[in-house]
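Note that the structure is predicted; figures quoted are calculated from it, not measured. Naming convention: chains lettered A, B, ... in sequence-line order (proteins, then strands); numbering from 1 in each chain.
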Amino acid sequence: MLQASLTDTEVIARVLQGEQTLFAVLVEKYQQYVFTLVLRFTDNREDAEEISQDVFIKAYRGLADFRGEAKFSTWLYTIVRTSCLTFLRKQQPNITSLDNERTHVQLENHESNFKADTIETKSRHAMVNEAIRLLSPDDSQIITLFYKGEQTLEEIGRIMGLDPNTVKVKLHRARRRLKDKLEKHYSEEVQNLR
Amino acid sequence: MGLYRRTQTPAETAAINNFLATDPIWQEHYQRLLNLHQLLNQSELEIPSMRFTKNVMEAISHTGIAPATKNYINKNVIRGITAFLVSMIAGLVIYFGIQFTPVASHSSNLQVPDLGLDKINYTHIFNNAYTSAFMLIATLSGLVLFDAWLRRKRILNKS
(Lines give C-alpha, C1' and ligand atoms only; values in the text may rest on other atoms or scores of the structure.)
Protein backbone atom coordinates (compact mmCIF):
# COMPACT_ATOMS: atom_id res chain seq x y z
CA MET A 1 0.00 0.00 0.00
CA LEU A 2 2.82 2.33 0.93
CA GLN A 3 4.66 1.54 -2.28
CA ALA A 4 1.56 2.19 -4.36
CA SER A 5 1.22 5.68 -2.90
CA LEU A 6 4.79 6.64 -3.74
CA THR A 7 5.40 8.88 -6.74
CA ASP A 8 7.90 7.85 -9.41
CA THR A 9 10.38 10.47 -8.18
CA GLU A 10 10.16 9.17 -4.61
CA VAL A 11 10.65 5.58 -5.75
CA ILE A 12 13.67 6.60 -7.85
CA ALA A 13 15.20 8.52 -4.95
CA ARG A 14 14.88 5.49 -2.69
CA VAL A 15 16.24 3.10 -5.32
CA LEU A 16 19.22 5.41 -5.74
CA GLN A 17 19.74 5.27 -1.99
CA GLY A 18 20.08 1.50 -2.21
CA GLU A 19 16.55 0.07 -1.98
CA GLN A 20 16.93 -1.98 -5.15
CA THR A 21 13.76 -4.03 -4.63
CA LEU A 22 11.64 -0.89 -4.95
CA PHE A 23 12.53 -0.78 -8.64
CA ALA A 24 9.94 -3.54 -9.05
CA VAL A 25 7.28 -0.87 -8.42
CA LEU A 26 8.36 0.95 -11.57
CA VAL A 27 8.62 -2.29 -13.53
CA GLU A 28 5.10 -3.30 -12.50
CA LYS A 29 3.74 0.13 -13.30
CA TYR A 30 5.25 0.55 -16.76
CA GLN A 31 5.82 -2.98 -18.10
CA GLN A 32 2.59 -3.04 -20.13
CA TYR A 33 3.24 0.38 -21.67
CA VAL A 34 6.80 -0.57 -22.54
CA PHE A 35 5.82 -4.00 -23.86
CA THR A 36 3.03 -2.52 -26.01
CA LEU A 37 5.38 0.10 -27.43
CA VAL A 38 8.05 -2.48 -28.22
CA LEU A 39 5.45 -4.67 -29.92
CA ARG A 40 4.81 -1.77 -32.28
CA PHE A 41 8.34 -2.32 -33.59
CA THR A 42 8.44 -6.10 -33.67
CA ASP A 43 5.65 -8.62 -34.09
CA ASN A 44 7.56 -11.31 -32.25
CA ARG A 45 6.45 -11.43 -28.61
CA GLU A 46 9.63 -13.19 -27.47
CA ASP A 47 11.79 -10.49 -29.02
CA ALA A 48 9.50 -7.83 -27.57
CA GLU A 49 9.78 -9.33 -24.11
CA GLU A 50 13.56 -9.51 -24.35
CA ILE A 51 13.81 -5.90 -25.54
CA SER A 52 11.39 -4.75 -22.84
CA GLN A 53 13.43 -6.42 -20.12
CA ASP A 54 16.56 -4.88 -21.58
CA VAL A 55 14.87 -1.46 -21.46
CA PHE A 56 14.23 -1.80 -17.73
CA ILE A 57 17.77 -3.03 -17.08
CA LYS A 58 19.17 -0.05 -19.00
CA ALA A 59 16.82 2.25 -17.10
CA TYR A 60 18.03 0.83 -13.79
CA ARG A 61 21.69 1.17 -14.70
CA GLY A 62 21.18 4.72 -15.93
CA LEU A 63 18.82 5.76 -13.15
CA ALA A 64 21.37 8.23 -11.77
CA ASP A 65 21.15 10.09 -15.08
CA PHE A 66 17.42 10.69 -14.67
CA ARG A 67 17.36 14.33 -13.61
CA GLY A 68 13.60 14.66 -13.19
CA GLU A 69 13.31 17.37 -15.85
CA ALA A 70 10.78 15.20 -17.69
CA LYS A 71 8.38 12.54 -16.48
CA PHE A 72 9.97 9.16 -15.74
CA SER A 73 7.72 7.62 -18.40
CA THR A 74 9.02 10.08 -21.03
CA TRP A 75 12.60 9.19 -20.12
CA LEU A 76 11.75 5.47 -20.16
CA TYR A 77 10.08 5.69 -23.58
CA THR A 78 13.22 7.37 -24.94
CA ILE A 79 15.13 4.24 -23.90
CA VAL A 80 12.40 2.12 -25.52
CA ARG A 81 12.80 3.96 -28.80
CA THR A 82 16.60 3.78 -28.91
CA SER A 83 16.57 0.10 -27.90
CA CYS A 84 14.01 -0.75 -30.58
CA LEU A 85 15.88 1.17 -33.25
CA THR A 86 19.11 -0.62 -32.29
CA PHE A 87 17.28 -3.95 -32.47
CA LEU A 88 15.81 -3.14 -35.90
CA ARG A 89 19.20 -1.99 -37.17
CA LYS A 90 20.73 -5.31 -36.11
CA GLN A 91 17.88 -7.27 -37.65
CA GLN A 92 17.78 -5.44 -40.98
CA PRO A 93 21.00 -3.53 -41.61
CA ASN A 94 19.80 -2.20 -44.97
CA ILE A 95 16.81 -0.32 -43.64
CA THR A 96 17.41 3.40 -43.94
CA SER A 97 14.15 4.85 -42.69
CA LEU A 98 11.19 3.70 -40.68
CA ASP A 99 8.94 5.29 -43.31
CA ASN A 100 10.61 3.16 -45.95
CA GLU A 101 8.22 1.85 -48.58
CA ARG A 102 9.58 -1.64 -48.06
CA THR A 103 8.38 -1.63 -44.47
CA HIS A 104 4.91 -0.70 -45.66
CA VAL A 105 4.97 -3.46 -48.27
CA GLN A 106 5.94 -5.99 -45.62
CA LEU A 107 3.15 -4.78 -43.43
CA GLU A 108 0.68 -4.84 -46.30
CA ASN A 109 1.62 -8.48 -46.92
CA HIS A 110 1.10 -9.18 -43.28
CA GLU A 111 -2.47 -7.95 -43.67
CA SER A 112 -3.40 -10.82 -45.96
CA ASN A 113 -3.12 -13.20 -43.02
CA PHE A 114 -6.38 -11.96 -41.60
CA LYS A 115 -9.36 -14.00 -42.53
CA ALA A 116 -12.85 -12.60 -42.69
CA ASP A 117 -14.36 -15.19 -40.38
CA THR A 118 -11.79 -14.63 -37.63
CA ILE A 119 -12.20 -10.86 -37.87
CA GLU A 120 -15.86 -11.19 -37.01
CA THR A 121 -15.02 -12.95 -33.78
CA LYS A 122 -12.37 -10.44 -32.69
CA SER A 123 -13.22 -8.03 -29.97
CA ARG A 124 -13.18 -4.33 -30.69
CA HIS A 125 -10.00 -3.90 -28.64
CA ALA A 126 -8.20 -6.59 -30.55
CA MET A 127 -9.38 -5.03 -33.79
CA VAL A 128 -7.85 -1.68 -32.87
CA ASN A 129 -4.60 -3.32 -31.82
CA GLU A 130 -4.44 -5.28 -35.06
CA ALA A 131 -5.11 -2.12 -37.07
CA ILE A 132 -2.40 -0.22 -35.18
CA ARG A 133 0.02 -3.05 -35.90
CA LEU A 134 -0.62 -2.60 -39.61
CA LEU A 135 0.76 0.92 -39.45
CA SER A 136 4.43 1.79 -39.83
CA PRO A 137 6.44 1.62 -36.57
CA ASP A 138 6.58 5.42 -36.37
CA ASP A 139 2.82 5.82 -36.81
CA SER A 140 1.92 3.08 -34.37
CA GLN A 141 4.42 4.40 -31.84
CA ILE A 142 3.09 7.93 -32.00
CA ILE A 143 -0.51 6.74 -31.57
CA THR A 144 0.41 4.45 -28.69
CA LEU A 145 2.39 7.17 -26.92
CA PHE A 146 -0.43 9.67 -27.28
CA TYR A 147 -3.39 7.46 -26.38
CA LYS A 148 -1.91 4.81 -24.12
CA GLY A 149 1.39 6.25 -22.92
CA GLU A 150 -0.25 9.43 -21.59
CA GLN A 151 2.37 11.60 -23.28
CA THR A 152 1.77 15.14 -24.51
CA LEU A 153 2.86 16.33 -27.94
CA GLU A 154 5.89 18.01 -26.35
CA GLU A 155 6.84 14.82 -24.53
CA ILE A 156 6.43 12.71 -27.66
CA GLY A 157 8.63 15.25 -29.43
CA ARG A 158 11.27 14.77 -26.77
CA ILE A 159 11.09 10.96 -27.08
CA MET A 160 11.24 10.94 -30.87
CA GLY A 161 13.60 13.90 -31.24
CA LEU A 162 11.00 15.95 -33.11
CA ASP A 163 9.44 19.37 -32.85
CA PRO A 164 5.98 19.29 -31.16
CA ASN A 165 4.40 20.77 -34.28
CA THR A 166 5.91 17.97 -36.38
CA VAL A 167 4.52 15.48 -33.87
CA LYS A 168 1.11 17.11 -34.23
CA VAL A 169 1.20 16.70 -38.02
CA LYS A 170 2.53 13.13 -37.75
CA LEU A 171 -0.19 12.24 -35.24
CA HIS A 172 -2.83 13.63 -37.55
CA ARG A 173 -1.47 11.60 -40.48
CA ALA A 174 -1.13 8.47 -38.35
CA ARG A 175 -4.75 8.83 -37.23
CA ARG A 176 -5.87 9.21 -40.81
CA ARG A 177 -3.90 6.14 -41.91
CA LEU A 178 -5.34 4.18 -38.98
CA LYS A 179 -8.83 5.23 -40.00
CA ASP A 180 -8.10 4.05 -43.55
CA LYS A 181 -6.83 0.71 -42.26
CA LEU A 182 -9.91 0.30 -40.08
CA GLU A 183 -12.23 1.12 -42.96
CA LYS A 184 -10.33 -1.17 -45.32
CA HIS A 185 -10.06 -4.22 -43.09
CA TYR A 186 -12.83 -3.81 -40.57
CA SER A 187 -15.43 -1.96 -42.57
CA GLU A 188 -18.41 -3.60 -40.85
CA GLU A 189 -17.16 -2.78 -37.37
CA VAL A 190 -16.32 0.78 -38.41
CA GLN A 191 -19.82 1.22 -39.88
CA ASN A 192 -21.19 0.46 -36.43
CA LEU A 193 -19.10 3.25 -35.00
CA ARG A 194 -20.62 5.96 -37.20
CA MET B 1 -15.77 19.11 -27.78
CA GLY B 2 -12.46 19.41 -26.04
CA LEU B 3 -10.20 17.21 -28.16
CA TYR B 4 -8.76 19.96 -30.32
CA ARG B 5 -8.14 22.43 -27.51
CA ARG B 6 -4.83 20.93 -26.46
CA THR B 7 -2.75 22.80 -28.99
CA GLN B 8 -4.88 25.59 -30.45
CA THR B 9 -4.85 29.29 -29.67
CA PRO B 10 -8.11 30.80 -28.27
CA ALA B 11 -8.82 32.47 -31.63
CA GLU B 12 -8.42 29.18 -33.49
CA THR B 13 -10.58 27.43 -30.93
CA ALA B 14 -13.33 30.02 -31.41
CA ALA B 15 -13.17 29.61 -35.19
CA ILE B 16 -13.36 25.83 -34.91
CA ASN B 17 -16.26 26.11 -32.45
CA ASN B 18 -18.08 28.22 -34.98
CA PHE B 19 -17.54 25.68 -37.75
CA LEU B 20 -18.63 22.83 -35.49
CA ALA B 21 -21.80 24.68 -34.53
CA THR B 22 -22.84 25.62 -38.06
CA ASP B 23 -21.25 23.30 -40.61
CA PRO B 24 -22.74 19.76 -40.83
CA ILE B 25 -19.65 18.42 -42.68
CA TRP B 26 -17.42 19.60 -39.83
CA GLN B 27 -19.84 18.08 -37.34
CA GLU B 28 -19.74 14.72 -39.13
CA HIS B 29 -15.93 14.70 -39.32
CA TYR B 30 -15.65 15.70 -35.69
CA GLN B 31 -18.02 12.94 -34.64
CA ARG B 32 -15.90 10.42 -36.55
CA LEU B 33 -12.79 11.76 -34.85
CA LEU B 34 -14.47 11.43 -31.45
CA ASN B 35 -15.40 7.83 -32.26
CA LEU B 36 -11.83 7.05 -33.25
CA HIS B 37 -10.54 8.68 -30.05
CA GLN B 38 -12.98 6.66 -28.00
CA LEU B 39 -11.93 3.49 -29.75
CA LEU B 40 -8.24 4.20 -29.22
CA ASN B 41 -8.71 5.15 -25.59
CA GLN B 42 -10.60 1.93 -24.98
CA SER B 43 -7.95 -0.25 -26.63
CA GLU B 44 -6.06 -2.47 -24.23
CA LEU B 45 -2.35 -2.68 -23.55
CA GLU B 46 -0.39 -5.81 -24.35
CA ILE B 47 0.55 -7.90 -21.34
CA PRO B 48 4.01 -9.49 -21.04
CA SER B 49 4.61 -12.86 -19.38
CA MET B 50 3.94 -13.39 -15.67
CA ARG B 51 7.66 -13.70 -14.97
CA PHE B 52 8.49 -10.33 -16.48
CA THR B 53 9.09 -8.39 -13.25
CA LYS B 54 10.92 -11.34 -11.71
CA ASN B 55 13.22 -11.63 -14.73
CA VAL B 56 14.05 -7.92 -14.62
CA MET B 57 14.68 -7.96 -10.88
CA GLU B 58 16.92 -11.03 -11.20
CA ALA B 59 18.89 -9.35 -13.98
CA ILE B 60 19.40 -6.11 -12.07
CA SER B 61 20.40 -7.94 -8.90
CA HIS B 62 23.73 -8.73 -10.63
CA THR B 63 24.30 -5.16 -11.73
CA GLY B 64 24.66 -1.77 -10.10
CA ILE B 65 23.54 1.73 -10.88
CA ALA B 66 26.13 3.50 -13.02
CA PRO B 67 27.36 6.83 -11.66
CA ALA B 68 25.66 9.87 -13.19
CA THR B 69 27.37 10.98 -16.38
CA LYS B 70 27.85 14.51 -15.08
CA ASN B 71 29.84 13.16 -12.11
CA TYR B 72 32.54 11.39 -14.07
CA ILE B 73 32.94 13.90 -16.89
CA ASN B 74 35.55 16.30 -15.62
CA LYS B 75 34.76 19.79 -16.86
CA ASN B 76 38.41 20.76 -16.65
CA VAL B 77 39.31 18.06 -19.18
CA ILE B 78 36.66 19.38 -21.59
CA ARG B 79 37.87 22.94 -21.06
CA GLY B 80 41.47 21.82 -21.64
CA ILE B 81 40.60 20.07 -24.91
CA THR B 82 38.58 23.09 -26.05
CA ALA B 83 41.45 25.46 -25.22
CA PHE B 84 43.89 23.20 -27.06
CA LEU B 85 41.75 23.05 -30.20
CA VAL B 86 41.02 26.78 -30.15
CA SER B 87 44.73 27.60 -29.76
CA MET B 88 45.57 25.24 -32.65
CA ILE B 89 42.99 26.87 -34.94
CA ALA B 90 44.03 30.37 -33.86
CA GLY B 91 47.69 29.48 -34.47
CA LEU B 92 46.95 28.24 -37.98
CA VAL B 93 44.80 31.28 -38.79
CA ILE B 94 47.52 33.66 -37.60
CA TYR B 95 50.19 31.74 -39.51
CA PHE B 96 48.23 31.81 -42.78
CA GLY B 97 47.35 35.44 -42.15
CA ILE B 98 51.03 36.33 -41.99
CA GLN B 99 51.73 34.35 -45.17
CA PHE B 100 48.89 36.07 -47.05
CA THR B 101 50.15 38.55 -49.67
CA PRO B 102 47.40 40.12 -51.78
CA VAL B 103 48.25 40.52 -55.45
CA ALA B 104 47.03 43.68 -57.17
CA SER B 105 44.76 42.96 -60.07
CA HIS B 106 45.03 44.86 -63.37
CA SER B 107 42.33 43.25 -65.50
CA SER B 108 39.27 42.89 -63.23
CA ASN B 109 38.21 43.65 -59.66
CA LEU B 110 36.38 40.31 -59.53
CA GLN B 111 39.53 38.24 -59.86
CA VAL B 112 40.11 35.65 -57.15
CA PRO B 113 42.84 36.96 -54.82
CA ASP B 114 46.08 35.08 -54.80
CA LEU B 115 46.40 33.65 -51.29
CA GLY B 116 49.95 32.63 -51.99
CA LEU B 117 49.23 29.04 -50.89
CA ASP B 118 51.77 27.72 -53.39
CA LYS B 119 54.45 29.81 -51.72
CA ILE B 120 53.96 28.27 -48.29
CA ASN B 121 56.70 25.96 -47.26
CA TYR B 122 54.69 22.99 -45.90
CA THR B 123 57.77 20.97 -45.03
CA HIS B 124 58.70 23.81 -42.70
CA ILE B 125 55.30 23.53 -40.94
CA PHE B 126 55.33 19.77 -40.51
CA ASN B 127 58.99 19.50 -39.60
CA ASN B 128 58.63 22.31 -37.12
CA ALA B 129 59.58 21.52 -33.50
CA TYR B 130 56.40 23.23 -32.23
CA THR B 131 54.20 21.07 -34.49
CA SER B 132 55.97 17.95 -33.29
CA ALA B 133 55.44 19.04 -29.68
CA PHE B 134 51.74 19.67 -30.34
CA MET B 135 51.37 16.27 -31.99
CA LEU B 136 53.13 14.61 -29.07
CA ILE B 137 50.87 16.34 -26.52
CA ALA B 138 47.76 15.48 -28.54
CA THR B 139 48.80 11.80 -28.79
CA LEU B 140 49.59 11.60 -25.08
CA SER B 141 46.28 13.27 -24.20
CA GLY B 142 44.47 10.79 -26.43
CA LEU B 143 46.20 7.84 -24.77
CA VAL B 144 45.41 9.17 -21.28
CA LEU B 145 41.72 9.62 -22.19
CA PHE B 146 41.60 6.16 -23.80
CA ASP B 147 43.14 4.63 -20.69
CA ALA B 148 40.61 6.42 -18.45
CA TRP B 149 37.76 5.19 -20.64
CA LEU B 150 39.00 1.58 -20.48
CA ARG B 151 39.36 1.76 -16.68
CA ARG B 152 35.82 3.12 -16.33
CA LYS B 153 34.48 0.39 -18.61
CA ARG B 154 36.23 -2.29 -16.57
CA ILE B 155 34.78 -0.90 -13.32
CA LEU B 156 31.28 -0.83 -14.82
CA ASN B 157 31.63 -4.40 -16.08
CA LYS B 158 32.79 -5.58 -12.66
CA SER B 159 29.82 -3.92 -10.93
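- Judged as a side chain to side chain contact (heavy atoms under 4.5 Å, CB included), and not counting sequence neighbours, the contacts of Ser61(B) are Gln20(A).
- Rounding to the nearest 0.5 Å gives a distance of 7.5 Å between CZ of Arg175(A) and CG of Leu36(B).
- Residues Ala64(A) and Pro67(B) come closest through the heavy atom pair CB-C, 4.2 Å.
- For the atom pair Gln31(A) CD and Ile47(B) CD1, the distance stands at 9.0 Å (nearest 0.5 Å).
- Arg45(A) touches chain B through its side chain: at least one heavy atom from C-beta onward sits under 4.5 Å away, while N, CA, C and O do not.
- In terms of hydrophobic clustering, with Ile, Leu, Val, Met, Phe, Trp and Tyr side chains grouped at heavy-atom distances under 4.5 Å, Met135(B) and Phe84(B) are assigned to different clusters.
- No other option in Leu63(A), Thr21(A), Asn129(A) has as many heavy-atom pairs under 4.5 Å with chain B as Asn129(A).
- The 12-atom threshold is exceeded at CZ of Arg152(B), counting heavy atoms of other residues, nucleotides or ligands nearer than 6.0 Å.
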**Report entry** Working for side-chain contact (heavy atoms from CB on, under 4.5 Å), residues Ile65(B) and Tyr60(A)
**Finding:** CA-CA 6 Å; Ile65(B) 299 172; Tyr60(A) 177 75; 3.6 Å; yes
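- Scanning both residues, Leu40(B) and Tyr147(A), for their nearest heavy atoms gives CD1-CE1, 3.3 Å.
- Ala66(B) meets the side chain to side chain contact (heavy atoms under 4.5 Å, CB included) test with Leu156(B); sequence neighbours excluded.
- Neither the backbone nor the side chain of Leu37(A) comes within less than 4.5 Å of any heavy atom of chain B.
- Counted within 6.0 Å of CD1 on Ile78(B), heavy atoms from surrounding residues, nucleotides or ligands total more than 12; the atom is thus considered enclosed.
- The choice from Val34(A), Thr36(A), Thr144(A), Ile143(A) that makes the most heavy-atom pairs within less than 4.5 Å of chain B is Thr36(A).
- Using a 4.5 Å cut-off between heavy atoms, Val15(A) touches chain B through backbone and side chain atoms alike.
- Grouping the Ile, Leu, Val, Met, Phe, Trp and Tyr side chains by contacts below 4.5 angstrom, directly or via other members, places Val169(A) apart from Leu153(A).
- Side-chain heavy atoms closer than 4.5 Å link hydrophobic residues (I, L, V, M, F, W, Y) into clusters, and following such links, even through other members, never connects Val77(B) to Val144(B).
- Residue Phe146(B) belongs to a hydrophobic cluster whose other members are Trp149(B), Leu150(B), with links defined by side-chain heavy atoms closer than 4.5 Å.
- Heavy-atom neighbours of chain B within the stretch residues 46-57 of chain A, taken at a separation under 4.5 angstrom, comprise Glu49(A), Ser52(A), Gln53(A), Phe56(A), Ile57(A).
- In this structure the side chain of Tyr33(A) reaches within 4.5 angstrom of the side chain of Leu45(B), judged on heavy atoms.
- Under the 4.5 Å side-chain heavy-atom criterion for ILVMFWY residues, no single connected hydrophobic cluster contains both Phe35(A) and Phe146(A).
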Requested in this report: Would you please test Val38(A) and Glu46(B) for side-chain contact (heavy atoms from CB on, under 4.5 Å) and show each step?
Outcome: CA-CA 10 Å; Val38(A) 175; Glu46(B) 303 279 353; over 6 Å; no
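- Hydrophobic clustering (side-chain heavy atoms under 4.5 Å, transitive across Ile, Leu, Val, Met, Phe, Trp, Tyr) groups Met160(A) together with Phe87(A).
- Under a cut-off of 6.0 angstrom, the local environment of CZ in Arg176(A) is sparse, with at most 12 non-hydrogen atoms contributed by other residues, nucleotides or ligands.
- Here the side chains of Glu44(B) and Gln32(A) are not in contact, with every heavy-atom distance at 4.5 Å or above.
- Taken to the nearest 0.5 Å, the NZ atom of Lys29(A) stands 14.0 Å off from the OG1 atom of Thr53(B).
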